[in-house]
Chemist: 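One structure is given below, represented as structure tokens, and several questions about it will come after.
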2 protein chains.
Amino acid sequence: MMARSATTSDAFNAVAERRRREIIDMLSRSGEVPVNGMVEALGLAQPLVSKHLRVLREVGLVSVRGSGRRRLYRLNGENLKPIHDWTKRFERFWDDQLARIKEQAESSGRKKA
Amino acid sequence: MMARSATTSDAFNAVAERRRREIIDMLSRSGEVPVNGMVEALGLAQPLVSKHLRVLREVGLVSVRGSGRRRLYRLNGENLKPIHDWTKRFERFWDDQLARIKEQAESSGRKKA
DNA sequence: TTGACATATTCCCATATAGGCATATTATGA
DNA sequence: TCATAATATGCCTATATGGGAATATGTCAA
């Protein structure tokens with residue numbers, strides 16, 4: 001009855017798509033970029049790029065600004081923070097050094113509490 | 001002609017689903033957990049939990065181990081690192097302090113190069 | 001005003017689910 | 001051995017896409 005959640009429901013879903021991550025990477029590097037700039041750089045069909053941009057806009061990951069006939073897109077990177085924060089919880093799984101430090105901090109915290 | 005990429009294609013897609021993130025969070029807190037443990041804790045139907053676990057297994061995010069009639073699942077958190085690494089690139093968007101430090105480091109790096 | 005460039009939409013199709021339900025599998029423990 | 005607990009699968013339906021193609025919109029520049 002229910003299908004997969006919409007790509008426009010949140011950043012996690014929007015970012016699950018590889019193309020959209022590429023668009024985000026590009027905006028991160030280049031600042032403001034017009035649709036055609038992405039079309040050329042990514043080698044995708046223009047309508048497809050516009051559609052992905054729409055999804056990104058709907059979750060607030062990008063903003064647009066008109067400039068002549070063109071539309072300049074900009075990354076709102078701060079909206080990727082929820083994802084970063086979530087994955088940060090698992091740092092101990094790959095960063096043993098950090099794990100040791102944290103465990104020590106936690107254990108001393110427990111002693112005080 | 002082509003639909004959304006499979007949830008089993010990579011961690012990004014697997015993690016796009018809220019329930020699966022909840023399962024991951026639970027495993028992160030509790031270590032090894034049997035299916036029923038998650039069923040009760042998350043209030044989901046057992047078949048649904050098994051299906052989500054299968055997706056997580058296919059992308060390597062969890063491992064299983066038999067124990068009597070039960071199957072104990074464990075988190076392979078290190079496979080969340082790609083997501084963490086990707087989002088890390090955008091830290092400057094929310095961490096201005098860090099941004100300044102990095103920019104300074106990069107500019108001095110450029111001078112040397 | 002008008003033609004051309006730059007984007008956004010609309011339609012259509014095949015694919016990929018989440019979930020709900022029923023049932024098949026397994027591994028026990030008495 | 002065997003009923004049973006604990007999981008995994010199979011089936012079916014409503015949704016939600018990515019893409020492709022064609023077309024609608026918008027904005028300028030001459």
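As a basis for the values below, the full set of heavy atoms in this structure was taken, side chains included, without hydrogen atoms, waters or symmetry mates. In the text below, chain A, chain B and the rest are named by the order of the sequence lines, each starting its count at 1.
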Chemist: Does a side-chain N or O from Tyr73(A) land closer than 4.0 Å to OP1 or OP2 of dA8(C), or not?
Modeler: yes
Chemist: Under a 4.0 Å N-O cut-off, is there an ion pair linking Lys81(B) with Glu78(B)?
Modeler: no
Chemist: What heavy-atom pair brings Gly60(A) and Asn79(A) nearest, and what distance separates the two atoms?
Modeler: O-ND2, 2.6 Å
Chemist: List the atom of Asn13(A), the atom of Ala6(A), and the distance in Å for their closest heavy-atom pair.
Modeler: CB-O, 3.4 Å
Chemist: Between atom CG of Leu75(B) and atom OG of Ser28(B), what is the distance when rounded to the nearest 0.5 Å?
Modeler: 6.0 Å
Chemist: How far apart are the closest heavy atoms of Ser5(A) and Arg4(B), and which atoms are they?
Modeler: O-NH1, 3.1 Å
Chemist: Flag yes if Val39(A) and Val62(A) sit in one hydrophobic cluster, no otherwise; membership is Ile, Leu, Val, Met, Phe, Trp, Tyr, and two members link when side-chain heavy atoms are under 4.5 Å apart.
Modeler: yes
Chemist: For residues Ile83(B) and Trp94(A): do they belong to one hydrophobic cluster (side chain heavy atoms under 4.5 Å, members Ile, Leu, Val, Met, Phe, Trp, Tyr)?
Modeler: yes
Chemist: Check every nucleotide of DNA chain D for an atom under 4.0 Å from a heavy-atom of chain B, then give the first and the last such nucleotide from 5' to 3'.
Modeler: dA5(D) to dG19(D)
Chemist: Does Glu17(B) pair with Arg21(B) as a salt bridge, N-O distance under 4.0 Å?
Modeler: no
Chemist: I'd like to know if Phe12(A) and Val59(B) are part of one continuous hydrophobic network [Ile/Leu/Val/Met/Phe/Trp/Tyr, side-chain heavy atoms within less than 4.5 Å].
Modeler: yes
Chemist: Looking only at heavy atoms, what is the nearest atom pair of Met26(A) and Ala41(A), with distance?
Modeler: CE-CB, 3.4 Å
Chemist: Identify all pairs in which a protein N or O lies below 3.5 Å from an N or O of nucleotides 15-18 of chain C, and state each distance.
Modeler:
unit_1: dA16(C); atom_1: O3'; unit_2: Arg4(A); atom_2: NH2; d: 3.1
unit_1: dT17(C); atom_1: OP1; unit_2: Thr7(B); atom_2: N; d: 3.0
unit_1: dT17(C); atom_1: OP1; unit_2: Thr7(B); atom_2: OG1; d: 2.7
unit_1: dA18(C); atom_1: OP1; unit_2: Arg20(B); atom_2: NH2; d: 3.0
unit_1: dA18(C); atom_1: OP2; unit_2: Arg20(B); atom_2: NH1; d: 3.4
unit_1: dA18(C); atom_1: N3; unit_2: Met2(A); atom_2: O; d: 2.3

Chemist: With rounding to the nearest 0.5 angstrom, report the CD to CE distance, Glu22(B) to Met38(B).
Modeler: 12.5 Å
Chemist: Using the 3.5 Å cut-off, write out each protein N or O paired with an N or O of nucleotides 23-27 of chain C and the distance between them.
Modeler:
unit_1: dA27(C); atom_1: O3'; unit_2: Gly68(B); atom_2: O; d: 3.1

Chemist: Test of understanding: with side chain to side chain contact (heavy atoms under 4.5 Å, CB included), list the residues that count as partners of Asp25(B), not counting sequence neighbours.
Modeler: Trp86(A), Arg89(A), Phe90(A), Arg29(B)
Chemist: Checking Val64(A) now: which residues fulfil side chain to side chain contact (heavy atoms under 4.5 Å, CB included) with it, not counting sequence neighbours?
Modeler: Arg57(A), Arg71(A), Tyr73(A)
Chemist: Could you list by number each residue of residues 29-37 of chain B showing a heavy-atom separation from DNA chain D of less than 4.0 Å, or answer none if no residue does?
Modeler: Pro34(B), Val35(B), Asn36(B)
Chemist: Whole-Å distance between dA6(C) P and Met38(A) CE?
Modeler: 14 Å
